[in-house]
Engineer: 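Just passing along the structure, written as structure tokens.
No experiment lies behind these values; they were computed from the predicted model shown.
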Amino acid sequence: MAADSVEREILIEASPEVVWGVITEPEQISRWFSDEAEVEGRVGTDGTLTWRPGGRGAAKRVDTVVAIRVVDAEPFRRFSFRWNHPKGLAPDERNSALVEFHLVEEADGTRLRVVESGIAAVTDDEGGRARYREEHERGWERHLGELREYVDSKLRGAKR
């Protein structure tokens, strides 16, 4: 049976305030995750994430626009949204996946844990769940690496 979630965790050498901005501000989200983002860091707001051919979604042949709804937004600690729900329906636990970012301050920076759960709600069968999980494991690994690189370059630029 394919697991119903994907989890990744990294340590970022930056404060929770910096990491919060990187995961919630559209102009920063587009530096490490999607090519374009329209989102507000407030509970209940709807937004979109867009991947363009040749951009972060280089394998895609057409623009991919994904609707999201912010579920939780506790500055510097927690941010989550639902996505991959059927067009025209409000996202909930029965028809969407939940992406949660957990920020924990540590001596060396911020530990960021990402959990994407509810895979069974957005896939049709065991094979679909296994493919989704595999694709999103690779995706979160890549994107979190890009997030860390972006924060490092941002902080290096600020020290100049």
Engineer: With clusters defined by side-chain heavy atoms of hydrophobic residues (ILVMFWY) lying less than 4.5 Å apart, directly or transitively, does Ile10 cluster with Phe101?
Structural biologist: yes
Engineer: Measure across Asp63 and Pro53 and return the closest heavy-atom pair with its distance rounded to 0.1 Å.
Structural biologist: OD1-CD, 3.2 Å
Engineer: Restricting to non-hydrogen atoms, name the atom on Glu27 and the atom on Arg31 that form the minimum distance, rounded to 0.1 Å.
Structural biologist: O-CG, 3.3 Å
Engineer: Nearest 0.5 Å, what's the CZ-OG distance between Phe76 and Ser15?
Structural biologist: 8.0 Å
Engineer: Test Ser80 against Val99 for side chain to side chain contact (heavy atoms under 4.5 Å, CB included), laying out the working first.
Structural biologist: CA-CA 5 Å; Ser80 65; Val99 175; over 6 Å; no
Engineer: Please tell me if the side chains of Leu49 and Val65 come closer than 4.5 Å, counting only heavy atoms from C-beta onward.
Structural biologist: no
Engineer: Go through the steps for Val151 and Glu146 under the test side chain to side chain contact (heavy atoms under 4.5 Å, CB included), then give the verdict.
Structural biologist: CA-CA 9 Å; Val151 170; Glu146 291 174 2; over 6 Å; no
Engineer: Ignoring hydrogens, what is the shortest heavy-atom contact between Phe81 and Ile68? Give both atom names and the distance.
Structural biologist: CD1-CG2, 3.7 Å
Engineer: In terms of heavy-atom contacts, does CG of Asp124 have more than 12 from other residues, nucleotides or ligands at under 6.0 Å?
Structural biologist: no
Engineer: Which of parallel (below 30°), tilted (30 to 60°) and perpendicular (above 60°) describes Phe33 and Trp140?
Structural biologist: parallel
Engineer: Determine, using the 4.5 Å side-chain heavy-atom cutoff (strictly less than), whether Trp20 and Val43 are members of one ILVMFWY cluster.
Structural biologist: no
Engineer: Using atom types as modelled and distance alone, determine if a side-chain donor or acceptor of Arg133 lies under 3.5 Å from a backbone N or O of Arg129.
Structural biologist: no
Engineer: Can Val115 be reached from Val19 by stepping across I, L, V, M, F, W or Y side chains whose heavy atoms are under 4.5 Å apart?
Structural biologist: no
Engineer: Are the side chains of Ile119 and Val6 in contact, using a 4.5 Å heavy-atom criterion?
Structural biologist: yes
Engineer: Can you tell me how far CG of Asp72 sits from CZ of Arg42, rounded to the nearest 0.5 angstrom?
Structural biologist: 14.5 Å
Engineer: Take Ile29 and Ile23, measure what side chain to side chain contact (heavy atoms under 4.5 Å, CB included) needs, and give me the verdict at the end.
Structural biologist: CA-CA 6 Å; Ile29 294 169; Ile23 64 172; 5.8 Å; no
Engineer: Looking only at non-hydrogen atoms, find the nearest pair between Trp32 and Val22 and report the distance.
Structural biologist: NE1-O, 2.9 Å
Engineer: Does any N or O in the side chain of His85 come within less than 3.5 Å of the main-chain N or O of Asp92, such that one atom is a donor and the other an acceptor?
Structural biologist: no
Engineer: Nearest 0.5 Å, what's the CZ-CD distance between Arg113 and Glu9?
Structural biologist: 6.5 Å
Engineer: Looking only at non-hydrogen atoms, find the nearest pair between Asn95 and Leu89 and report the distance.
Structural biologist: ND2-CB, 3.9 Å
Engineer: Rounded to the nearest 0.5 Å, what separation is found between the OG1 atom of Thr50 and the CZ atom of Arg52?
Structural biologist: 5.5 Å
Engineer: For atom CD of Glu106, is the number of surrounding heavy atoms from other residues, nucleotides or ligands below 6.0 Å larger than 12?
Structural biologist: yes
Engineer: If hydrophobic clusters are built from ILVMFWY residues whose side chains come within less than 4.5 Å, do Leu144 and Val66 share one?
Structural biologist: yes
Engineer: Mark yes or no for whether Arg82, through its side chain, and Ser96, through its backbone, hold a donor-acceptor pair below 3.5 Å.
Structural biologist: yes
Engineer: Quick check: does any side chain N or O of Ser34 sit under 3.5 Å from a backbone N or O of Glu36, one acting as donor and the other as acceptor?
Structural biologist: yes
Engineer: Return yes if some donor-acceptor pair links the side-chain N/O of Thr110 with the main-chain N/O of Ala14 below 3.5 Å, else return no.
Structural biologist: yes
Engineer: Checking the side chain of Trp83 only, and the main-chain atoms of Thr48 only, is there a donor and an acceptor separated by less than 3.5 Å?
Structural biologist: no
Engineer: Working note: Leu112 + Ile12, criterion side chain to side chain contact (heavy atoms under 4.5 Å, CB included); need CA distance, chi angles, decisive distance, verdict.
Structural biologist: CA-CA 7 Å; Leu112 177 64; Ile12 303 166; 4.0 Å; yes
Engineer: Using a strict 4.0 Å threshold on nitrogen-to-oxygen distance, state whether Glu134 and Arg138 make a salt bridge.
Structural biologist: yes
Engineer: So, taking the atom named CG in Leu103 and the one named CZ in Arg78, what distance separates them when rounded to the nearest 0.5 Å?
Structural biologist: 10.5 Å
Engineer: Within the 4.5 Å heavy-atom criterion, are Gln28 and Lys154 side-chain neighbours or not?
Structural biologist: yes
Engineer: Output the distance between atom CD (Glu116) and atom OH (Tyr132), rounded to the nearest 0.5 Å.
Structural biologist: 3.5 Å
